[in-house]
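These notes are about the structure you will find just below.
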Amino acid sequence: MSIELELASALAAAPGFSPASRPAPTRPSYDQVVLPGDYPDPTVFKVGDTYWASATTAEWGAIFPLFTSKNLLDWELVGHVFPDKLPDWAGSNFWAPEFYQENGRFYVYYTARKKGGMLCVAVASADRPEGPYHDHGPLVGQEAGSIDGFAMPDEHGDLYLIWKEDGNSIQQDTPIWAQRLNDERTALIGEATELFGNDARWEGPLVEGSALVRHQGWFYMFYAGNSCCGKGCNYATGVARSRHLLGPWEKYSQNPILSSNTTWKCPGHGTVAELDGRWFLLHHAYFAQSHEFVGRQGLLSEFTWNADGWPEFVRRSPQALPITDMGRLHIAEEFAGAELGLEWQWPLGAARPRTAVHQGQLRLGASPVRLGAVVARRTHVASYKAATTLHFADLPADTFAGLAAVGDPYNALALMAGNGQLQVWHLKSGKQHCLVQEFVAPCATITLRLEVWGGQRYRFAYSTDGATWQALPTENFTVNGTYLPPWDRGVRVALVAQGAEDSTVVFNNFIMRSQR
């Protein structure tokens with residue numbers, strides 16, 4: 001049975017569902033949401049006639065997506081910098097990749113936390129922008145932590161690494177440093193020079209996310225200030241300039257040049273791109289209506305240079321319109337092909353889940369740890385419906401499989417099938433308990449449905465025949481999921497398998513419908 005026949009009624013039966021209508025095409029605006037979903041700290045660089053982009057992946061694998069585009073608007077996911085395994089030295093906090101190309105060699109400077117230690121800026125290199133990348137390890141890791149590396153040649157052509165000392169992590173200031181790179185671009189040499197710190201009121205406790213461009217004899221540094229993340233964020237973007245890379249640097253008197261409006265909150269940490277003589281910043285921001293539940297999304301914002309040579313954005317805030325065509329955000333996965341698609345993610349900190357795709361089915365190896373083995377997709381809005389059909393009769397004893405909204409491996413809400421019953425699991429701060437359990441008559445397959453309103457209210461239902469639906473009765477009709485998103489990430493929807501490591505669960509499909 002096709003995914004549409006099997007799951008359409010699962011979603012259509014949910015209150016408020018109606019098919020998405022597609023508006024007539026119009027001339028695209030360059031101020032757009034170009035990376036919808038949780039893509040913080042986006043970066044962009046150009047190779048020939050192709051633009052490449054990446055972003056923070058934090059605690060989700062695969063690490064650092066690789067997108068390509070010809071026009072800065074339409075992006076295709078083509079791979080990852082580290083597709084299968086973590087660099088040997090690093091354990092978490094995979095943030096802020098930035099690329100540099102030279103003599104046919106490609107370098108990615110990125111942030112990660114040393115196992116048992118501090119945040120570091122590290123580097124990997126490849127012969128092609130798509131990789132494979134060879135990791136060279138950390139370049140700098142100060143006591144307070146070092147993050148947000150960016151490579152930039154000075155006025156003499158000598159290449160420097162620019163980075164932030166993460167002083168705000170220990171209630172100290174946050175200087176931006178520069179230090180020369182060796183000829184191999186894989187180690188720092190000489191002495192570090194402080195460029196500037198957080199000394200303006202709007203910057204609050206920090207400046208970070210430096211991205212540099214040279215224009216008409218000036219070095220311009222776009223940077224972010226204040227609090228990046230979560231419900232109480234107040235991030236914004238400023239700019240400074242200097243005739244010489246090592247300074248002195250002058251901050252723009254009209255900073256911040258990009259700040260919040262009623263649609264987009266906390267815009268910052270972006271990289272500059274040029275197309276046909278027009279200038280853009282690819283940066284992140286929270287959509288006000290979904291905020292932390294979706295995470296920081298990738299926006300393209302155009303700017304111009306004013307008479308005094310400073311960059312200016314229209315109304316000093318992102319002009320991207322909200323996405324109204326929900327159809328472009330729908331996911332309908334029938335597990336075609338020979339392996340799981342590049343869009344799927346899994347939590348770091350454990351081995352990559354065992355997956356096999358064969359004849360339109362996903363076989364997911366179980367795990368006994370916490371929620372179990374997890375493969376997940378980013379959400380795009382705060383209200384959505386998701387469903388999956390799994391092989392119920394074939395579930396091994398004491399193995400549970402299902403559909404979950406996941407903040408991280410310690411915080412999730414899940415509808416799980418196993419041992420002849422259905423259960424709603426509430427996992428908070430690593431403590432799991434069952435909210436509801438209901439025995440189900442024997443059946444070959446079962447379809448599970450998850451509904452979410454505003455990122456906060458969750459409702460679960462199931463069907464054994466694809467036509468008749470039974471809601472799982474929870475105490476207050478819906479379950480409160482406001483606790484799910486971590487401080488720096490959006491919620492994912494996941495397929496889950498919990499049980500002995502030699503157990504395997506079979507899923508037929510996965511569908512997610514975004515709602516306004």
Side-chain angles (χ1 to χ4, degrees), residues 23 25-47 49-56 64-78 96-99 129 150 209-213 215 220-224 228 235-239 256-291 294-305 310-325 328-329 378 380-381 490:
T26 59
R27 182 181 183 276
S29 166
Y30 277 96
D31 290 82
Q32 292 188 29
V33 187
V34 294
L35 297 176
D38 190 20
Y39 290 104
D41 313 326
T43 184
V44 59
F45 69 110
K46 191 177 184 182
V47 183
D49 63 351
T50 302
Y51 293 91
W52 292 75
S54 188
T56 282
F64 303 141
L66 291 168
F67 294 91
T68 60
S69 173
K70 297 293 186 180
N71 60 6
L72 292 176
L73 298 178
D74 304 302
W75 294 91
E76 178 187 1
L77 180 61
V78 298
E98 296 286 356
F99 290 82
F150 191 98
S210 302
L212 287 82
V213 65
H215 179 64
Y220 289 87
M221 185 188 297
F222 291 74
Y223 67 94
C228 71
Y235 223 36
T237 297
V239 66
I257 58 172
L258 192 66
S259 55
S260 298
N261 57 28
T262 57
T263 303
W264 298 102
K265 302 299 182 185
C266 307
H269 202 132
T271 303
V272 174
E274 185 182 7
L275 174 65
D276 297 332
R278 299 167 68 177
W279 293 84
F280 306 92
L281 187 71
L282 178 62
H283 63 92
H284 71 234
Y286 288 106
F287 181 47
Q289 293 184 17
S290 57
H291 211 270
V294 171
R296 294 165 286 169
Q297 306 193 49
L299 273 61
L300 195 67
S301 293
E302 187 170 3
F303 66 88
T304 56
W305 303 95
W310 292 101
E312 288 187 344
F313 294 87
V314 174
R315 299 187 188 92
R316 304 166 67 88
S317 64
Q319 298 304 298
L321 295 175
I323 295 174
T324 57
D325 178 11
R328 63 175 281 204
L329 303 178
R378 292 173 174 87
H380 300 107
V381 294

Would you sort out whether M221 and V239 count as a side-chain contact (heavy atoms from CB on, under 4.5 Å), showing the intermediate values? CA-CA 5 Å; M221 185 188 297; V239 66; 5.9 Å; no
Evaluate the side-chain proximity of V34 to L72: yes if any heavy-atom separation is below 4.5 Å, no if none is. no
Can you tell me how far CG of L300 sits from CG of L275, rounded to the nearest 0.5 angstrom? 9.0 Å
For the side chain of S210 and the backbone of Y223, is there at least one donor-acceptor N/O pair under 3.5 Å apart? no
Specify whether F303 and W279 have parallel, tilted or perpendicular ring planes, treating 30° as the upper limit for parallel and 60° as the lower limit for perpendicular. tilted
What class does the angle between the rings of F313 and F222 fall in, given that below 30° is parallel, 30 to 60° is tilted and above 60° is perpendicular? perpendicular
Could you walk me through whether F287 and T263 pass the side-chain contact (heavy atoms from CB on, under 4.5 Å) check? CA-CA 6 Å; F287 181 47; T263 303; 3.7 Å; yes
Got F99 and L66 here, is their nearest side-chain heavy-atom distance under 4.5 Å? yes
Please tell me if the side chains of P318 and D31 come closer than 4.5 Å, counting only heavy atoms from C-beta onward. no
Is a side-chain donor or acceptor of T271 paired with a backbone partner of L282 at a separation under 3.5 angstrom? no
Distance from D49 atom CG to S69 atom OG, nearest 0.5 Å? 10.5 Å
How far apart are the closest heavy atoms of P42 and G298, and which atoms are they? CG-CA, 4.5 Å
Has D38 got a side-chain atom pairing as donor or acceptor with G295's backbone, closer than 3.5 angstrom? no
Criterion side-chain contact (heavy atoms from CB on, under 4.5 Å) on R328 and I323, from CA distance to verdict: CA-CA 9 Å; R328 63 175 281 204; I323 295 174; 3.9 Å; yes
With a 3.5 Å distance limit and no angle check, can you tell me whether Q297 reaches the backbone of A285 through a side-chain donor-acceptor pair? no
Exam field: side chain Q319 to backbone V314, donor-acceptor pair closer than 3.5 Å: yes
If you take all heavy atoms of G209 and H269, which pair is closest and at what distance? CA-CE1, 3.4 Å
Counting distance only, does the side-chain N/O of S260 pair as donor-acceptor with the main-chain N or O of C266 below 3.5 Å? yes
Taking all atoms of both residues into account, what is the closest heavy-atom pair of A55 and P65, and its distance? O-CD, 3.6 Å
Any L321 side-chain heavy atom under 4.5 Å of Q32 side chain: no
Atom CD of residue position Q289 - does it have more than 12 heavy atoms of other residues, nucleotides or ligands inside 6.0 Å? no
Are Y39 and V33 packed together at the side-chain level, in the sense that at least one heavy-atom pair is separated by less than 4.5 angstrom? no
Could you tell me the separation between the CH2 atom of W52 and the OG1 atom of T68, rounded to the nearest 0.5 Å? 6.0 Å
Here the gap from F280 atom CZ to E274 atom CD, rounded to the nearest 0.5 Å, amounts to 9.0 Å
When you measure from the side chain of S290 to the backbone N and O of H380, does any donor-acceptor pair fall under 3.5 Å? no
H284 (side chain) donor-acceptor with D41 (main chain) under 3.5 angstrom: yes
What distance separates F64 CZ from T43 OG1, expressed to the nearest 0.5 Å? 11.0 Å
Is there side-chain contact between P311 and H215, with at least one heavy-atom pair below 4.5 Å? no
So NZ of K265 and NE2 of H291: to nearest 0.5 Å the spacing works out to 7.5 Å
Hey, is the main chain of P256 close enough, under 3.5 Å, to the side chain of R316 for a donor-acceptor pair? yes
In terms of ring plane angle, is the pair W75 and Y51 parallel, tilted or perpendicular, where the classes change at 30° and 60°? perpendicular
State, with a plain yes or no, whether a side-chain heavy atom of H283 is found less than 4.5 Å away from one of T237. no
